[in-house]
Amino acid sequence: MESWYEYPRSRVEEDGTAYWMARRDGQRVLVVEGDASGFEGEQVGERFIAPSSAGNAQALRGRLPWLRPQVLGRRLSVGTGDRLGLATPGHLRAVRAHAVARASAGAAPIVAQQSMRENERTGRSPQQVMDDAMWGVFQEGWRAPWGADADHLKSTEHVDLCAAAGYTFYTVDPGDHVDDQAHTAPVDTLRQKVDTLPWDALEDSVYALCKRYLDRSFQVEELAIEFDEESLLRAAAKYGRAIAHTTRMYRHLAGRLPEGEFELEVSVDETATPTSPLEHFFIASELLRLGVQWVSLAPRYVGRFEKGADYIPASGIAGDLDEFDRSLACHAAIARALGPYKLSIHTGSDKFSVYPIFRRHAGHLVHLKTAGTSYLEALRAIARVDPGFFREILTLALEHYEEDRATYHVSGETSRVPRPETLADGELPGLLDQHDARQVLHVTFGSALDRYRDRLLGILDEHEEEHYAALETHFLRHLEPFG
């Protein structure tokens with residue numbers, strides 16, 4: 001006998017045709033009553049049953065404009081990375097609950113968000129990420145604007161892939177072009193580095209650079225910014241090539257998409273050394289000179305932003321937030337003065353101790369970007385409904401952690417993770433709150449999907465309400481400090 005469940009929030013009627021999402025024998029399908037032209041599927045009585053395919057996603061976006069992502073501007077926003085393609089309803093429930101609790105519009109969600117690195121590890125394409133998010137938006141009956149983030153783009157080829165899929169938010173990552181050695185290099189070396197910068201691409205010269213910045217004081221609210229020769233050379237040597245690359249990426253994007261249909265984020269967070277307020281001012285000033293427009297910028301903040309963990313102070317002393325507080329006040333002032341634009345918090349999940357500091361200094365000019373934390377909450381749900389399978393995933397994670405951690409900033413150690421066979425079933429969900437276990441599970445998602453993809457997705461589909469509940473609880477905790 002056929003099983004059937006309809007998602008009540010998804011039902012909508014437009015121009016005399018009704019649409020809704022249903023689950024038919026365990027598979028999500030689109031149901032159309034009325035004009036079903038352009039959809040692929042089968043007529044069953046008065047209903048047209050269409051699979052949740054890429055073609056049907058495109059056709060539905062053409063019928064229901066609110067299923068297309070939009071630019072979100074300077075609103076408080078949250079990016080909810082979804083490595084599995086199943087988390088969007090849980091993310092939107094958290095955003096909706098936060099807005100209801102505050103009797104306000106709340107944060108604007110960016111529910112399609114995936115870097116090319118994560119696409120490679122999950123075996124998904126930018127278009128699949130977009131379509132999975134759209135079906136979640138439809139299922140949950142979300143009508144407000146939402147965004148789609150082409151995250152950590154490093155090449156124009158990747159820009160083109162995401163533009164073709166309809167992304168609206170483009171995070172340019174010029175980290176490969178940042179010269180971290182310039183952070184501590186002697187002045188003579190800095191002069192050599194600056195002499196060899198791509199001055200044609202920067203539309204500049206050493207003489208003009210010095211004339212703009214030396215023997216001047218730039219007043220940014222209460223902050224006076226002054227460059228001497230060494231600090232200017234250091235900033236230019238460290239970030240000059242990154243500025244040229246960002247400009248090239250922006251101009252390519254602007255030539256690919258009409259004005260007003262995309263927004264840019266500049267990310268220099270994945271570097272070895274912090275971005276000082278003076279360097280932030282330099283980066284922003286030079287991008288403005290070159291005509292780049294952006295909505296948010298992610299500096300490399302002081303301290304450590306590790307995956308699946310709260311903020312770790314540079315001093316190593318838990319709870320020591322004074323240096324971060326002072327530094328962020330300067331970054332926020334610069335963002336207001338040279339924009340205004342949002343400060344973006346990359347690797348932003350679980351940084352509960354610093355959210356109030358962002359709220360105090362930046363107000364609503366914040367973009368909170370999360371990614372793997374949704375995968376961890378999926379594992380929490382699995383630990384509750386299938387403890388044996390969770391043990392298998394944890395065992396695999398422990399085996400692959402040393403290899404998989406290579407491209408991540410993490411400090412978790414397998415020696416501090418309890419062995420899965422030593423824990424009772426009821427203790428397993430608690431591992432998702434333990435620092436080392438969280439990081440071990442966080443960065444091994446690619447290995448887990450390689451071995452267990454169908455089984456993992458099947459269990460989450462079967463227990464979708466438990467999955468959504470875990471996500472909603474977790475993300476509400478992230479949103480509440482922002483008011």
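Nothing here was measured: the structure is a model prediction, and the numbers come from that model.
- Looking at heavy atoms from C-beta onward, Ser411 lies in side-chain contact with His435 at the 4.5 angstrom threshold.
- A donor-acceptor pair under 3.5 Å is formed between the side chain of Ser276 and the backbone N or O of Glu279.
- Listed by first then second residue, pairs satisfying salt bridge (Lys or Arg N to Asp or Glu O under 4.0 Å) with a partner in residues 86-98 read Arg93-Glu140, Arg93-Glu465, Arg96-Glu140, not counting sequence neighbours.
- Within the 3.5 Å criterion, the main-chain N or O of Val178 finds no donor-acceptor partner in the side chain of Lys238.
- Here the OG1 atom belonging to Thr271 is positioned 13.5 Å from the NE2 atom belonging to His177, to the nearest 0.5 angstrom.
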Notebook entry, point to check: Could you go step by step and tell me if Ser217 and Ile225 meet the side chain to side chain contact (heavy atoms under 4.5 Å, CB included) rule?
Noted result: CA-CA 6 Å; Ser217 179; Ile225 293 180; over 6 Å; no
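- Pro299 is not listed as a side-chain neighbour of Asp269, based on a closest heavy-atom distance of 4.5 Å or more.
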Check: Is there a side chain to side chain contact (heavy atoms under 4.5 Å, CB included) between Gln128 and Gln114 once you walk through the steps?
Finding: CA-CA 10 Å; Gln128 286 174 301; Gln114 203 99 68; over 6 Å; no
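- A salt bridge (Lys or Arg N to Asp or Glu O under 4.0 Å) check over residues 352-363, counting only residues at least two apart or in different chains, returns the pairs Asp325-Arg360.
- In this structure, Ser285 contributes its side chain and Phe282 its backbone to no donor-acceptor pair below 3.5 Å.
- Expressed to the nearest 0.5 Å, how far CG of Leu232 lies from CZ of Phe227 amounts to 6.5 Å.
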What donor-acceptor contacts under 3.5 angstrom involve side-chain atoms of residues 388-403, with partners at least two apart or in another chain?
| unit_1 | atom_1 | unit_2 | atom_2 | d |
| --- | --- | --- | --- | --- |
| Arg391 | NE | Pro420 | O | 3.1 |
| Arg391 | NH1 | Asp425 | OD1 | 2.9 |
| Arg391 | NH2 | Leu423 | O | 2.5 |
| Arg391 | NH2 | Asp425 | OD1 | 3.0 |
| Glu392 | OE1 | Arg455 | NH1 | 3.1 |
| Glu392 | OE2 | Arg455 | NH1 | 3.4 |
| Glu392 | OE2 | Arg455 | NH2 | 3.0 |
| Thr395 | OG1 | Arg391 | O | 2.9 |
| His400 | ND1 | Ser447 | OG | 3.4 |
| Tyr401 | OH | Gly412 | O | 2.7 |

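- Looking at heavy atoms from C-beta onward, Trp142 lies in side-chain contact with Pro109 at the 4.5 angstrom threshold.
- To the nearest 0.5 angstrom, Glu413 atom CD is 9.5 Å from Gln439 atom CD.
- Residue-environment remark: CD (Glu222) stays at or below the threshold of 12 foreign heavy atoms within 6.0 Å.
- With rounding to the nearest 0.5 Å, the separation of OG in Ser349 from CZ in Phe305 is 11.0 Å.
- Using a 4.0 Å cut-off between a side-chain N of Lys or Arg and a carboxylate O of Asp or Glu, Arg419 and Glu421 do not qualify as a salt bridge.
- Ring to ring, Tyr311 and Phe352 are not that close: their centroids are 6.0 angstrom or more apart.
- Every side chain to side chain donor-acceptor pair (under 3.5 Å) that Tyr468 has, sequence neighbours left out, goes to Arg28, Gln139, Glu464.
- A 4.5 Å side-chain heavy-atom check between Asn119 and Pro126 finds at least one atom pair inside the cut-off.
- In terms of modelled atom types and a separation under 3.5 Å, the side chain of Arg61 and the main chain of Leu67 share no donor-acceptor contact.
- Partners of Ser77 according to the side chain to side chain contact (heavy atoms under 4.5 Å, CB included) rule, which considers only residues two or more places apart in sequence or in another chain, are Ala108, Lys342, His367.
- Here salt bridge (Lys or Arg N to Asp or Glu O under 4.0 Å) pairs that include residues 74-85, with residues two or more places apart or in two chains, are Arg83-Glu118.
- For Asp173, the side chain to side chain contact (heavy atoms under 4.5 Å, CB included) partners two or more places apart in sequence, or in a different chain, are His152, Lys154, Glu270.
- Contact annotation: the side chain of Tyr170 never approaches that of Glu263 to less than 4.5 Å [non-hydrogen atoms, C-beta and beyond].
- Between atom NE2 of residue His252 and atom CZ of residue Arg248 there is a gap of 9.0 Å, rounded to the nearest 0.5 Å.
- Annotation: side chain of Val172 is in contact with side chain of Thr246 (closest heavy-atom distance under 4.5 Å).
- Smallest separation of non-hydrogen atoms from Ser267 and Pro174: O-CD, 2.7 Å.
- Judged as a salt bridge (Lys or Arg N to Asp or Glu O under 4.0 Å), the pairs with a partner in residues 366-375 (not counting sequence neighbours) are, in order, Asp149-Lys369, Asp151-Lys369, Glu265-Lys369.
- Between Val295 and Leu264 there is no side-chain heavy-atom pair separated by less than 4.5 Å.
- Although no hydrogens or angles enter the test, the distance criterion places a donor-acceptor pair under 3.5 Å between the side chain of Thr275 and the main chain of Arg300.
- With hydrogens and angles ignored, the 3.5 Å screen pairs no side-chain donor or acceptor of Arg102 with any backbone N or O of Val100.
- Although no hydrogens or angles enter the test, the distance criterion places a donor-acceptor pair under 3.5 Å between the side chain of Ser10 and the main chain of Tyr7.
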Next item on the list: Evaluate the side chain to side chain donor-acceptor pair (under 3.5 Å) criterion for residues Asp404 and Thr444: first the C-alpha distance (whole Å), next the side-chain angles of each, then the deciding distance (0.1 Å), finally the verdict.
Entry: CA-CA 6 Å; Asp404 291 351; Thr444 54; 5.1 Å; no
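- Under the side chain to side chain contact (heavy atoms under 4.5 Å, CB included) criterion, Asp132 pairs with Arg124, not counting sequence neighbours.
- With Thr168 contributing its side chain and Phe262 its backbone, the two residues share no donor-acceptor pair below 3.5 Å.
- Judged as a salt bridge (charged side-chain N to carboxylate O under 4.0 Å, His left out), and not counting sequence neighbours, Arg451 has no contacts.
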Can you give me every donor-acceptor pair (side chain of residues 474-483, partner residue at least two apart or in another chain, under 3.5 Å) with its distance?
| unit_1 | atom_1 | unit_2 | atom_2 | d |
| --- | --- | --- | --- | --- |
| His474 | NE2 | Thr373 | OG1 | 2.5 |
| His478 | ND1 | His474 | O | 2.9 |
| His478 | NE2 | Asp350 | N | 2.9 |

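- Comment: Arg326 does not engage Glu323 in a salt bridge, judged by the lack of any side-chain N to carboxylate O separation of less than 4.0 angstrom.
- Of the possible donor and acceptor atoms, one in the side chain of Trp146 sits under 3.5 Å from a partner among the backbone N and O of Trp66.
- With ring centers used as reference points, Phe358 lies under 6.0 Å from Phe324.
- Between Ile110 atom CD1 and Thr171 atom OG1 the span is 7.5 Å, to the nearest 0.5 Å.
- Within the 4.5 Å cutoff, the side chain of Tyr213 has heavy atoms near those of the Phe281 side chain.
- With Asp180 contributing its side chain and Ala272 its backbone, the two residues share a donor-acceptor pair below 3.5 Å.
- In this pair, Tyr408 and Phe445 present their aromatic rings perpendicular. The plane angle is above 60°, beyond the 30 to 60° band.
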Next item on the list: Give the C-alpha distance, both sets of side-chain angles, the deciding distance and a yes or no for side chain to side chain contact (heavy atoms under 4.5 Å, CB included) between Leu365 and Leu343.
Entry: CA-CA 6 Å; Leu365 289 171; Leu343 291 178; over 6 Å; no
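- Residues that satisfy the side chain to side chain contact (heavy atoms under 4.5 Å, CB included) test with Arg234, not counting sequence neighbours, are Leu190, Glu230.
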